[in-house]
Amino acid sequence: MRPKIYRWSMTFLAMCTAFSLVLLSSASARADLSFEQSLTDWTIQNVEDSWPSTSHEHVAQIVTYRYSEGSKSLRGGSKVVGDYSPWYKRDLTETIFWTDYQDLRNLLAIKVDMTDIQRQTSHYSWGYGMEISLVLSDGVNQSRSLLWCRHEERYWLSGIEDNPYEFSFIGADGTTWYRYGTTLTPSRWGSTDFGGGPLANVNLAHAKLGLVFSCVSWHSSPQTLWVNALVDSIQLIRDVTPPAVAVSISGTAGNNGWYTSDVVVTLTATDGEKGVDRTEYGFDGINWSPYISPVKISSEGETTFYYRSFDKGGNLTSSEVLIKIDKTPPTISASSSPEANSVGWNNGSVTVHFEATDDISGLESLTPDVLISTEGINQTVSGVAVDKAGNSASITLSEINIDFTAPVVTINSPEQRDYLAQGSLTLDFSAIDELSGVLSLNAQLDGTEVVSGQEVELFGFGGRHSLIVSAVDLAGNLGSKIINFRVVVPAKIDIDPDTLNLKSNGGKVAVTAYIELPAGYIVDEIDIPNVRLDINGMIIKPQSSPICVGDHDGDGVTDLMTKFSRQEIIDALGGAVGNFKVVVAGEMKSGCVFSGEDILRAVIPGK
Ligand SMILES: [Ca+2]
Ligand SMILES: [Ca+2]
Ligand SMILES: [Ca+2]
Ligand SMILES: [Ca+2]
């Protein structure tokens, strides 16, 4: 057994050498053709390694070809006719169809469909093999995958004889490859070759594909062997779909697409083909950071979050999401107009005005002006500002004091009546204000300031007088009251005659009234036209003459004589008889008033 194994190793080394030469020689061949296009134009490479007496025959033939659902096929084959030689001599013949170099990084699978596989050996022994292989090469490394294999030696590759037409291959990354008609799933390519050779990694960015028909013979005896097949199609299945990236944004959602908290962005990239290679993010679309874990965004305002993901085929998904964060409530202020006075009161309606700003998302709403028209102390008004994100701020304006009711002034004394000019009068007045309270109270008697409780001497104070009391409350409202009163000088009145005969006038047409005034008053100053006689509810004016000043009753007090129509008095009595009070009053030129009374007896003789 040992010599046979040794010979096999020699074969493997020779094959590797042959492949290297092929790859180098065709490295500068056609370029810029897609793999599918190059399927129409394979390069044929023949390799022979034999004793001189051995003949080789390459049965390469591009009969037809097709890709996917095309209509053409490709036929290839190789044949060796072995001579008798020392048993350890070896013949190798290969026909290789090469494509051009391609970028195969997005390669998902290669699907090869072969039919009409034909092979022949003229002599069964341990010393031969036939195979059809698929090779990937980047010019340095190559990787070989068996599509079909036929060996008769049990110990060369264990298991082959048990299932010679279902050869499988484990790639360097653990991916299982299957025979023709089955989808192959590469990422890195390795090869065991005939002899279970080393796995090799191929740079898929610049690699070419080869289809190999091989025959190898050890000349234990003369033999002929050949293999060929019809390749109906070779289909490259590429990953041209970029990854799907799901973006999840977590945070406290506000309004209008704004968040009111920090935001965490989670990216989930998936690729159902070659898989995700890497995912990145950034904030300017230029500089990128690897995405490892969810990204926290704290800065307020509008932030554009860029993200992208590559799959292992180089396909790119790129997008961005606008993230708007506003964690700050608006600023709000309140003011009232008109302004309160220095002690904090308004005496009319007050308008409360609110102002607010929001630098980040902007203002959405603000409480409009509030008009307060009701009285009250320490009234409050609240306003609210809301930004577009839904953050809100409120403010309460308090101590709004409104009083538009004037104080109530009360004057108990004097009253609105006549007072005799004797004794004294005590002033009694006050003011109250139930809301803001009385700030000041002012009273003037005939223009002279007085205070409540003040005594006013009435003697010598005859005449018409006015007391004006005014009060101002803290809000500035003014209330006032006026009392007009008279101080009357007591006059001594003497009516002559004392008795009036209603049926006989005795030749007289007038009734005389003598008026005396107290000391200090001069009857000469009596304003005659303003003198009145009041009897039985009727007022009678004096006659303009005669008028006489003297001391008619001789009592040492000067008196004024005035006369009134006798008939007017009789008319006033209306036929009634008895004692009647006669009041005579008047004003002096100084404005001082006087008044006095006497009794007049009215009679009708015979009654
Ligand atoms: Ca993909
Ligand atoms: Ca805000
Ligand atoms: Ca008031
Ligand atoms: Ca007299």
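Remember, it's 1-based here, ligands and their atoms both numbered in the order they're listed. Quick note: residue numbers are just sequence positions, from 1.
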Q) Is the distance from the Ca ion (ligand 2) to some N, O or S atom of D359 under 3.0 Å? A) no

Q. Parallel, tilted or perpendicular for Y281 and F283, by the 30°/60° rule?
A. perpendicular

Exercise: do [X] and [Y] side chains pair donor with acceptor under 3.5 Å:
| X | Y | value |
| --- | --- | --- |
| S382 | T396 | yes |
| H206 | D138 | no |
| T357 | T331 | yes |
| E457 | S424 | no |
| S470 | S480 | no |

Q: List nothing but the number: protein N/O/S atoms under 3.0 Å from the Ca ion (ligand 1).
A: 7

(Q) Please identify which of these residues, N412, V469, V451, V450, meets the side chain to side chain contact (heavy atoms under 4.5 Å, CB included) condition with L427. (A) V450

Q) Out of V265, I249, L322, which residue meets the side chain to side chain contact (heavy atoms under 4.5 Å, CB included) rule with F305? A) V265

(Q) Can you confirm whether V370 sits close enough to F354 that some side-chain heavy atom of one is under 4.5 Å from a side-chain heavy atom of the other? (A) yes

Q: Kindly give the heavy-atom pair with the smallest separation between N346 and E339, and that separation in Å.
A: ND2-O, 3.3 Å

Q. O (T328) to the Ca ion (ligand 2) to OD2 (D358): angle, nearest 10 degrees?
A. 100°

Q | Apex the Ca ion (ligand 2); atoms D326 OD1 and D387 OD2; angle rounded to 10 degrees | A | 100°

Q) Counting only protein atoms, how many N/O/S atoms are less than 3.0 Å away from the Ca ion (ligand 3)? A) 6

Q. Does CD belonging to E434 count more than 12 external heavy atoms closer than 6.0 Å?
A. no

